[in-house]
Amino acid sequence: MSFPLLTVTAAVPAVGAILTAAVPAARRTAAKWLALLVSLATLVLAAVVFVRFEPGGERYQLTESHAWIKDFGVRYELGVDGIGVALIALTALLIPFVILAGWHDADQEASSKRWRPTQGFFALILMVEAMVILSFEATDVFLFYILFEAMLIPMYFLIGGFGDRAHAGSDENAAAQRSYAAVKFLLYNLVGGLIMLAAVIGLYVVAGNFSLTEVAEARANGSLEMATSTERWLFLGFFFAFAVKAPLWPLHTWLPNAMGEATAPVAVLITAVVDKVGTFAMLRFCLGLFPEASKWATPAIVVLALISIVYGALLAVGQRDIKRLVAYASISHFGFIILGIFAMTTQGQSGATLYMVNHGISTAALMLVAGFLISRRGSRLIADYGGVQKVAPVLAGTFLIGGLATLSLPGLAPFVSEFLVLVGTYARYPVAGVIATTGIVLAALYTLVLYQRTMTGPVKEEVRTMPDLRVRELAVVVPLIALLIFLGVFPKPLTDVVNPAVQHTMSDVQQKDPTPEVEAAK
C-alpha cells in the first residue's frame, strides 16, 4: 500500500488541534507554538502534495479508497486534481499567518480579569484547516457533505466566542452582536446543507453510489441515464448550498456580519479559506455530476454573479466600517469567481481558479494589516483614522499594497486572474463581460477612498502615538506581499497545475471555447 499522503496532510492539523486543546491552561504560549509548528508541518506536507502532483498525468492523483459504510455504499475516497492541489496549498499557506496574526487574540482582555481559552482558539483554527483540506481531497460525495457541514461547528465558536474587541458600545452589546453573527452564519449554511443533503440522497437513489469518479464515468459512457428534470433538481440542491457558502447574491447577507464581528484572522479564515469550498465544489460537483443542468442554469447564474460584482462593490464604497468594507469587496470578488466558472471557457475557469488563490492571498494581506491597524486604535470606523502614513509608514505602505492587490493592479497576482475571467466571459457573453468591468472601476474607488481617509491628511490626535508594524506583524505581511508580486509577474507555477484540470472540467460539460470572429481582410 502506498503512503497515504492526502490522509496524513489532513490528519496532522486534526491531531494537532487535539494536542493543542489538551495543553494545560497555564501554558498558553506553549499552545501557540504547538499550533504554529503543526501548521508549518501541514504546509510542508501540502508542498509535497503540490510537487508530487503531475499536471499531465491522471485527472485524480494520490488516490486513496477504503470501505467506510458498506451498507450505504459510502467510501473513504480521496484524490486531487490541479484545482484541489492549488487550494490545498493556499489553505496550508495561510493558516500559519492566521495563527501568527492572532497570537494575542485569545489572551486576557484588557477590561476583564478572566482568561480567554487560548488553547481552544488555536485548536479550532487547526480543526477548520483539517476539514477544509480534506474537503478539497474528497471524491466521495457523502464524505464531502459530512466535511462541508462539520466545518461550520468550529467556525461558529470562532465567530461567537472570539469576536472583535474593537466594537462600539458596551461589552454586552458587543457580545450580542457576535452571537447574532455566529447564529446567522450557522443557520444560513445549515439550511443550504440540508437542501444539499436531500440532493445527495437523490443522487444515491439515481446512481446507486456516492463516488464522484464512478458517477461521472457512468454518465460519460451512457451506463447511467438521468432524467433531465431529475438532474436539474439535483443540481439546484447542490448549487444552493455552494452559493450560500460562496457567498452569492442574494444568499450573501451572513458574510458582512460574520467578518465584521470576528477577529481579523478569523475573518481571513472565513473568506480566504472556508468560502473557497463553495466555489471549488461548483467546479468539482455541479459541473462534474450535472453537466446538462449546469449549462441550463448558466444564464441565471451569470446574472446573479453580475449582481454580486456590482452590488458588493457599490456597498463597499458606502461602508464606514473597515472590515465590512472588505467583506462587501469579497462578495464582489466571489461574483467574479462564479462568473468565470459559468462562462464555460478555459480562460474563464482558469481565471476563476487562480482568482480563488489570489483572492485568498490579497484578502489575507489587506484584512490582517487592517486588523493590526484596528487593534492599535481600538475602532473599526474609517472616520476615526487619518494621517496614519505619517506616524506608521510601513503599516500604511503594506495596507496600500494589499488594497492595490484588491483592485487588481497590473503586476500583482489578482490582475492575472481577473483579466482571464473577463476575457473568458467576454468570449462567450460579451455583454456580461462589459458589465463585469464596472466592478474594476468601483474597486478602485472604494480602495483608494479607504486609503485616503485612513492614511492621508492631518494626523488625528488618537493615532499620533500609533506604533508601526512589529517584527511578528512584519513576518505575517511581508511574505504575503512577496507572493502577490511573485504570482503577479510569474503565475506559471499555478497555471501549469490548474489548466489540465480545467480542460477536464470543460470536457465534462462538453464545451469548447468560442471561435474568435475575425473579419476577413478586404
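Keep in mind it's a predicted model, so treat the numbers as computed, not measured. Below, all heavy atoms of this structure are taken into account, side chains as well, without hydrogens, waters or symmetry copies.
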**Student:** Using the test side-chain contact (heavy atoms from CB on, under 4.5 Å), find all partners of Leu187 that sit at least two apart in sequence or belong to another chain.
**Tutor:**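 Once residues adjacent in sequence are excluded, the partners of Leu187 under the side-chain contact (heavy atoms from CB on, under 4.5 Å) criterion are Val183.
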**Student:** Which word best sums up how the rings of Tyr355 and His333 line up, parallel for under 30°, tilted for 30 to 60°, or perpendicular for over 60°?
**Tutor:** tilted
**Student:** Filter on side chain to side chain donor-acceptor pair (under 3.5 Å), then keep only pairs touching residues 125-151, sequence neighbours left out; what's left?
**Tutor:**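 Sorted pair list comes back empty.
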**Student:** Which residue pairs pass the side chain to side chain donor-acceptor pair (under 3.5 Å) test with at least one member in residues 343-354, sequence neighbours excluded?
**Tutor:** Thr346-Asp513, Ser350-Asn499
**Student:** What pairs with Phe97 under ring-ring contact (aromatic ring centres under 6.0 Å, His included), at least two apart in sequence or on another chain?
**Tutor:** none
**Student:** Extract all donor-acceptor atom pairs below 3.5 Å that involve side chains of residues 78-91 and protein atoms in other chains or at least two apart in sequence.
**Tutor:**
residue: Asp81; atom: OD1; partner: Ile83; partner atom: N; Å: 3.3
residue: Asp81; atom: OD1; partner: Gly84; partner atom: N; Å: 2.9
residue: Asp81; atom: OD1; partner: Arg284; partner atom: NH2; Å: 3.4
residue: Thr91; atom: OG1; partner: Leu87; partner atom: O; Å: 2.9

**Student:** Which pairs pass side chain to side chain donor-acceptor pair (under 3.5 Å) with one or both residues in residues 206-218, sequence neighbours excluded?
**Tutor:** Glu77-Ser211, Ser211-Thr213
**Student:** Is there a donor-acceptor contact under 3.5 Å from the side chain of Ser308 to the main chain of Ile331?
**Tutor:** no
**Student:** With sequence neighbours excluded, what pairs up with Leu236 under the side-chain contact (heavy atoms from CB on, under 4.5 Å) test?
**Tutor:**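 Expected list: Trp233, Trp296.
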**Student:** Taking the six-membered ring for Trp, are Phe185 and Tyr156 closer than 6.0 Å centroid to centroid?
**Tutor:** no
**Student:** Taking ring-ring contact (aromatic ring centres under 6.0 Å, His included) as the test, write out the residues that go with Phe157, two or more places apart.
**Tutor:** none
**Student:** What do you reckon, is CZ of Arg472 surrounded by more than 12 foreign heavy atoms closer than 6.0 Å?
**Tutor:** yes
**Student:** Using the ring of each side chain (for Trp, its six-membered ring), is Tyr204 parallel, tilted or perpendicular to Phe210, with breaks at 30° and 60°?
**Tutor:**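 Ring orientation of Tyr204 relative to Phe210: parallel.
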**Student:** Could you walk me through whether Thr279 and Ile341 satisfy the side-chain contact (heavy atoms from CB on, under 4.5 Å) test, starting with their C-alpha distance in whole Å, then the side-chain angles of each, then the deciding distance to 0.1 Å, before giving a yes or no?
**Tutor:** CA-CA 8 Å; Thr279 47; Ile341 291 172; 4.3 Å; yes
**Student:** Run the side-chain contact (heavy atoms from CB on, under 4.5 Å) test against Thr253 and tell me which residues pass, sequence neighbours left out.
**Tutor:** Lys184, Tyr188
**Student:** Measure centre to centre between the rings of Phe334 and His252, then say whether the value is under 6.0 Å.
**Tutor:**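 Centroid distance Phe334-His252: not below 6.0 Å, so no.
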**Student:** To the closest 0.5 Å, what do you measure between OG1 (Thr20) and CG (Leu124)?
**Tutor:**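 Nearest 0.5 Å value for the OG1-CG distance: 10.5 Å.
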**Student:** Hey, is the main chain of Glu231 close enough, under 3.5 Å, to the side chain of Glu292 for a donor-acceptor pair?
**Tutor:** no
**Student:** According to side-chain contact (heavy atoms from CB on, under 4.5 Å), who are the partners of Thr230, at least two apart in sequence or on a separate chain?
**Tutor:** Val206, Met226, Ala227, Leu234
**Student:** Mind checking ring-ring contact (aromatic ring centres under 6.0 Å, His included) for Phe121 and listing every partner two or more places apart, or none if nothing turns up?
**Tutor:**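 So Phe121 forms a ring-ring contact (aromatic ring centres under 6.0 Å, His included) with Phe162.
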**Student:** Which donor-acceptor pairs under 3.5 Å do the side chains of residues 239-249 make with protein atoms, sequence neighbours left out?
**Tutor:**
residue: Lys245; atom: NZ; partner: Phe148; partner atom: O; Å: 3.3

**Student:** Report yes if the distance between the aromatic ring centroids of Tyr76 and Trp68 is under 6.0 Å, otherwise no.
**Tutor:** no
